[in-house]
Engineer: 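First, the structure itself, so that you have it in front of you.
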Amino acid sequence: MNSISRRRFLKISGATIAATAAVTSLSTVTKGAKAINEKTGNSEKGIRKVPTYCSMCFWKCGAIGYVRDGKLWKVEGNPEDPLSQGRLCPRGTGGVGAHYDPDRLKYPLLRKKARGEEKWVRVTWDEAFDFIAKKMKKIKSEYGPESMALFSHGIGGGFIKHLMKAYGTRNIAAPSFDQCLGPRETAFELTFGDVVGGPERTDIENAKCIVLVGSHIGENMHNTQVQEFSKAVEKGASIIVVDPRKSTAATKAKYYLPIKPGTDLALLLTWINILISENLYDKEYIKKYAFGFEQLKAEVSRYTPEWAYSVTGIEPDLIRKTAREMARYRPNTLVHPGRHSVWYGDDTQRARALAILSALLGSWFRKGGLTNQDIFDIPAYPYPPYPKFNKPKADNPNKSKWPFGGAEGYTTGLREATITGKPYPIKGWFVYGTNLIYSLPNVKETIKAIQKLDLLVVIDVIPSEIAGWADVVLPEAIYLERYDELFHPYFKQPFVSLRQPVVDPPHEQKPGWWIAKKLGEKLGLQKYFPWKNIEEYLDTRLKAAGLSLKLLKEVGVVKGPKIPLYIEEGAVPEFNTPTGKIELYSTELSEKGFDPIPKFTPPEEPPAGYFRLLFGRAPMHSFSRTQTNRNLMNIMDENELWINPVMAQRFGVKTGDYVRLKNQDGVLSNKIKVKATERIRMDCVYMVHGFGHNSRMLKEAYLKGASDTNLITKYKIDPLMGGTGMNINFVTIETEA
Ligand SMILES: Nc1nc2c(c(=O)[nH]1)N[C@H]1C(S)=C(S)[C@@H](COP(=O)(O)OP(=O)(O)OC[C@H]3O[C@@H](n4cnc5c(=O)[nH]c(N)nc54)[C@H](O)[C@@H]3O)O[C@H]1N2
Ligand SMILES: Nc1nc2c(c(=O)[nH]1)N[C@H]1C(S)=C(S)[C@@H](COP(=O)(O)OP(=O)(O)OC[C@H]3O[C@@H](n4cnc5c(=O)[nH]c(N)nc54)[C@H](O)[C@@H]3O)O[C@H]1N2
Ligand code: SF4
Ligand SMILES: [Mo]
């Protein structure tokens, strides 16, 4: 997680769940180990079961790897794990394909020709480290250590982060903040004084009414959420889905609102107005916990359903009905806060409206709403302190660009600093587990920044597009072949889980911790790597929490005691905002000159003959990382272009035809297959993100489908927190002449 809230900082410093009390009793734990064997069938001869956690996406479900006759056979859910509850999603099951992928990176590679030409020589690890260490030392002496930046996504990057901090830089960023959930976390922190967190604090399972504004659960396959959503649907929860495209979730909805893209804030403010003007909100809750109700009431009174109809295209009657439906089930109504929230550049304000709506429904710390969360406290490894970081961070110097959020860094801020050399030059990039060519908007800018570098190191598992631009490519062992950092997130059921190797890496691939330690030693930073090996590191941390590596290796996951989740169960909400209350009116926004209560401004319209380009997820793929996985490509090997049949006809295309898209800046896409469907509005088209690879070494994926990122040349930055709104690009259809 990239945005630790103020409240969570406080909690981390004052130990939360006392370590010794954490393990409910050892007998429960051994029962856990026994249960793994019982629930997964008795151990057969020649079969080994190794508990670990999944990394096919960032949800990190507890899993069990099966080894048969010394070979990786299958991966299933760990029944003891609170995230997977014994079941993996299609990508988790397909994870086996990542181990057997013939296109994997096998050895360290050194660039032979110009950057981006993908010509390499195979080198030894020692040669690769010597090359990198020499360049890093030079950058340090010429510019200072701050001139190295790290882009990293996922828990695996933890040891590389440690290496970079030990080297002396804090210029670290991940696309999971300013290309993902940044606006949401910033908005909830401004409103409730705490973040939503990941895994989210959404009590989907117990909700009687669920409102999904764009969140396409079911295509967005975050396992626990999907399982809970199915249970809620089975129990008859009333589902309200707002999406310009009839998503899988929308097919389960009682009310589906095919909204005009970019106008959600108008709908949300109108819902808020109805709850207030019809006296449907939770008066007691608001009186007790909230600040700024009268200002809110006055501000939203102008957003009538009739007005909203003209803006959103949603009938006034449907707007009223759905507002009443939410109120009917409150406080057991869940307005899902969303996750990927960088849409139009005013995203923090939209997410603020979601937060305010949740407050009016009284659902923070209520059953079926947004629950309390806590962490299984595992003390950090006792490292020596890092060297002082003397310069301001390069991405957002002293918060001068964006006053809120982003404690850990901005990818596009670092990219810009690299291009401009301001506030100081950035000369080296380390890239761990993020395909920047796919995850950052405006590829040209990314390449421009890369051209300014003296060193680009990429640690990846496959020859991704970003690896194609590297000076040195380091092949990491995949998650089923390595130890990693312990996983102990804030969650409604605190727990800790272990990633451990199920099988060996097939070639010269090495784990991240090993890469960090060896390179650290070459850089003279051995005092920051005092542990002999990862087992010693993990055991030290676990022992400090009253556990041990031996135990975790056996059971995979240990749960802490249950915590009160709702006010009714004794959970006490504390709002770490300036007023100590839920800020319907944000004092912090007002102080910094932003709208203290969200205001709607209409988005720019597509030019004639153009559609708004929308994008999202498919259940069997993760971003741009799974298209070379044979198991998953067998299920879906290209993305499709969703287009309304009326518009398809107007352009003379039909389902199955291949077309290219051209965006407002004249950029042309790869070929993509048409899917003409009533399930999308006429003013937009939709595709799944992550396809259309142009790295030749990704043989299975090369030029299959189209890349949304290539068409995302424009982005709109959220002035509050620097998120890059990407739903503002327009495309037209080019048929093959
Ligand atoms: N156009 C567009 N841009 C987006 C999005 C979108 O939908 N459309 N989504 C945004 C969102 S929500 C997010 S969270 C980000 C995600 O952004 P990224 O995390 O950059 O996503 P991926 O494209 O999966 O790139 C991950 C890279 O890590 C590599 N990798 C996989 N496993 C390992 C491993 O074990 N070790 C190492 N070292 N590398 C590994 C993969 O091969 C791949 O090259 O993208 C954001 N950017
Ligand atoms: N299978 C799979 N699951 C994943 C991932 C993955 O790569 N693969 N990635 C995970 C990650 S890191 C993230 S952040 C999440 C992202 O998933 P979510 O947070 O659920 O969704 P988004 O990507 O924001 O939005 C995509 C949906 O929003 C709709 N939409 C587009 N524009 C608008 C609009 O203006 N208004 C409204 N109301 N809806 C709109 C689209 O039609 C689509 O249904 O998915 C997670 N789950
Ligand atoms: S949601 Fe799926 S891919 Fe993600 S960690 Fe869980 S099983 Fe793995
Ligand atoms: Mo994300």
Side-chain angles (χ1 to χ4, degrees), residues 53-61 63 75 77 83-84 87-95 98 151-154 156-157 160 174-176 179-181 184 198 212-217 219-226 241-245 247-250 257 259-264 267 336 338-344 431-441 458-467 474-479 482 484 512 603 612 614-626 628 642 680 684 686 688-690 707-712 724 726-727:
Y53 63 83
C54 180
S55 192
M56 292 299 286
C57 82
F58 302 105
W59 199 252
K60 303 187 244 341
C61 295
V75 191
L83 291 181
S84 75
R87 283 155 65 192
L88 300 183
C89 84
R91 300 166 297 157
T93 311
F151 296 82
S152 160
H153 193 189
I160 310 293
S176 47
Q179 281 72 52
C180 180
L181 47 65
R184 179 196 80 183
L212 299 176
V213 182
S215 305
H216 56 328
I217 294 178
E219 288 155 292
N220 157 357
M221 257 295 157
H222 279 163
N223 193 349
T224 326
Q225 297 209 13
V226 179
V241 173
V242 183
D243 197 310
R245 181 187 64 102
S247 59
T248 305
L257 286 62
I259 196 164
K260 177 174 172 180
T263 64
D264 300 81
L267 173 70
H336 196 293
R339 181 167 175 122
H340 177 241
S341 43
V342 287
W343 290 356
Y344 299 93
V431 178
Y432 177 97
T434 169
N435 190 5
L436 296 178
I437 301 291
Y438 264 74
S439 42
L440 305 190
V458 172
I459 307 178
D460 208 308
V461 293
I462 52 172
S464 60
E465 278 72 15
I466 187 67
L474 302 178
E476 194 178 21
I478 69 150
Y479 66 102
R482 67 177 197 241
D484 243 319
R612 188 180 293 279
L614 303 181
F615 47 88
R617 311 284 176 239
M620 55 298 269
H621 282 284
S622 292
F623 316 102
S624 79
R625 58 168 54 205
T626 49
T628 177
W642 290 48
I680 188 161
C684 51
Y686 173 88
V688 169
H689 167 66
S707 159
D708 58 335
T709 313
N710 282 341
L711 297 164
I712 301 177
T724 55
M726 302 195 276
N727 290 16

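Ligands are counted one by one from 1 in listed order, and the atoms in each one are counted from 1 as well.
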Engineer: Keeping to distances under 2.8 Å, can you name the protein N/O/S atoms close to atom 6 (Fe) of ligand 3?
Structural biologist: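 Short answer, with waters excluded from the count: Cys61 SG.
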Engineer: Any chance you could measure Glu465, atom CD, to Ser707, atom OG, to the nearest 0.5 Å?
Structural biologist: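 Nearest 0.5 Å value for the CD-OG distance: 8.0 Å.
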Engineer: I'd like to know if the side chain of Thr224 reaches the main chain of Leu83, judged simply by a donor and an acceptor atom lying under 3.5 Å from each other, with no hydrogens or angles considered.
Structural biologist: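 Yes, Thr224 side chain to Leu83 backbone: donor-acceptor pair under 3.5 Å.
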Engineer: List by chain and number: which residues place a heavy atom under 4.0 Å from ligand 1?
Structural biologist: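 Those residues closer than 4.0 Å to ligand 1 by some heavy atom are Phe58, His153, Pro175, Gln179, Cys180, His340, Tyr432, Gly433, Thr434, Asn435, Tyr438, Ser439, Ile459, Asp460, Val461, Ile462, Ser464, Glu476, Arg482, Phe615, Arg617, Phe623, Ser624, Arg625, His689, Asp708, Thr709, Ile712, Met726.
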Engineer: Within the side chain of Tyr344, is there an N or O that forms a donor-acceptor pair under 3.5 Å with the backbone of Gly262?
Structural biologist: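 Judged by distance alone, yes, a pair lies under 3.5 Å.
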Engineer: Is Asp264 close to ligand 2, meaning an N/O of one under 3.5 Å from an N/O of the other?
Structural biologist: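 Between Asp264 and ligand 2 (N or O atoms, distance only) the closest approach is under 3.5 Å.
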Engineer: Under the 3.5 angstrom rule, does the side chain of Asn223 hit a backbone N or O of Arg87 as a donor-acceptor pair?
Structural biologist: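 Side chain of Asn223 to backbone of Arg87, a donor-acceptor pair under 3.5 Å: yes, one is there.
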Engineer: Can a donor-acceptor pair be found, under 3.5 Å and without considering hydrogens, that links the side chain of Arg91 to the backbone of Met620?
Structural biologist: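 Pair absent, no side-chain N/O of Arg91 close to backbone of Met620.
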Engineer: Counting from 1, what ligand 2 atoms have a heavy atom of Pro619 closer than 4.0 Å?
Structural biologist: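 Atoms satisfying the 4.0 Å criterion: 1 (N).
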Engineer: Is there at least one pair of N or O atoms, one from Val242 and one from ligand 2, spaced under 3.5 Å apart?
Structural biologist: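 Yes; the residue has a nitrogen or oxygen that sits under 3.5 Å from a nitrogen or oxygen of the ligand.
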Engineer: Suppose I only count heavy atoms of Tyr344 and a 4.0 Å limit; which atoms of ligand 2 are within that range?
Structural biologist: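 Counting from 1, the qualifying ligand atoms are 32 (N), 33 (C), 34 (C), 35 (O).
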Engineer: Would you please determine whether Gly338 falls within less than 4.0 Å of ligand 2 on a heavy-atom basis?
Structural biologist: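 Gly338 does not count as a contact of ligand 2 under the 4.0 Å cut-off.
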Engineer: Would you check if the side chain of Asp708 reaches a backbone N or O of His689 as a donor-acceptor pair within less than 3.5 Å?
Structural biologist: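 Such a contact is absent between Asp708 side chain and His689 backbone.
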Engineer: Side chains of Val458 and Tyr432, heavy atoms from C-beta outward: is any pair under 4.5 Å?
Structural biologist: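 Of all side-chain heavy-atom pairs linking Tyr432 with Val458, none is under 4.5 Å.
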Engineer: Can you find an N or O of Pro261 that's nearer than 3.5 Å to an N or O of ligand 2?
Structural biologist: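 No, no N or O pair falls under 3.5 Å.
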Engineer: For ligand 2, which atoms, with element, lie under 4.0 Å from some heavy atom of Glu219?
Structural biologist: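 Every atom of ligand 2 under 4.0 Å from some heavy atom of Glu219: 1 (N), 2 (C), 3 (N).
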Engineer: What I want to know is whether Lys260 and ligand 2 share at least one N or O pair that is separated by under 3.5 angstrom.
Structural biologist: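 No; the residue has no nitrogen or oxygen that sits under 3.5 Å from a nitrogen or oxygen of the ligand.
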Engineer: Is it true that Arg91 lies under 4.0 Å from ligand 2, counting heavy atoms only?
Structural biologist: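 So Arg91 counts as touching ligand 2.
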Engineer: To check you understand the geometry: which heavy-atom pair defines the closest contact between Met726 and His340, and what is its length?
Structural biologist: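 Closest approach of Met726 to His340, heavy atoms only: CE-NE2, 4.0 Å.
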Engineer: For Gly338, does its backbone N or O pair with a side-chain atom of Ser341 as donor and acceptor, under 3.5 Å?
Structural biologist: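 Checked: no pair found.
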Engineer: Answer yes or no: is there a donor N or O on one side and an acceptor on the other, between the side chain of Thr709 and the main chain of Tyr438, under 3.5 Å?
Structural biologist: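 Checked: pair present.
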Engineer: For a quick test of reading the model, state the closest non-hydrogen atom pair linking Arg612 to Asn727 and the distance between them.
Structural biologist: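 So the two residues come closest at NH1-O, 2.9 Å.
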Engineer: Near Ser215, which atoms of ligand 2 are under 4.0 Å from a heavy atom of that residue?
Structural biologist: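 Matching atoms, with element in brackets: 20 (O).
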Engineer: Should Phe58 and His153 be marked as a ring pair (Phe, Tyr, Trp, His ring centres under 6.0 Å) after you check the CA-CA gap, both sets of side-chain angles, and the distance that decides it?
Structural biologist: CA-CA 9 Å; Phe58 302 105; His153 193 189; 3.6 Å; yes
Engineer: Under 3.5 Å, is there a donor-acceptor pair between the side chain of Glu476 and the main chain of Gly512?
Structural biologist: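 Looks like yes, one N/O pair under 3.5 Å.
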Engineer: Keeping Glu219 on the side-chain end and Gly616 on the backbone end, is there a donor-acceptor pair under 3.5 Å?
Structural biologist: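 A pair under 3.5 Å: no.
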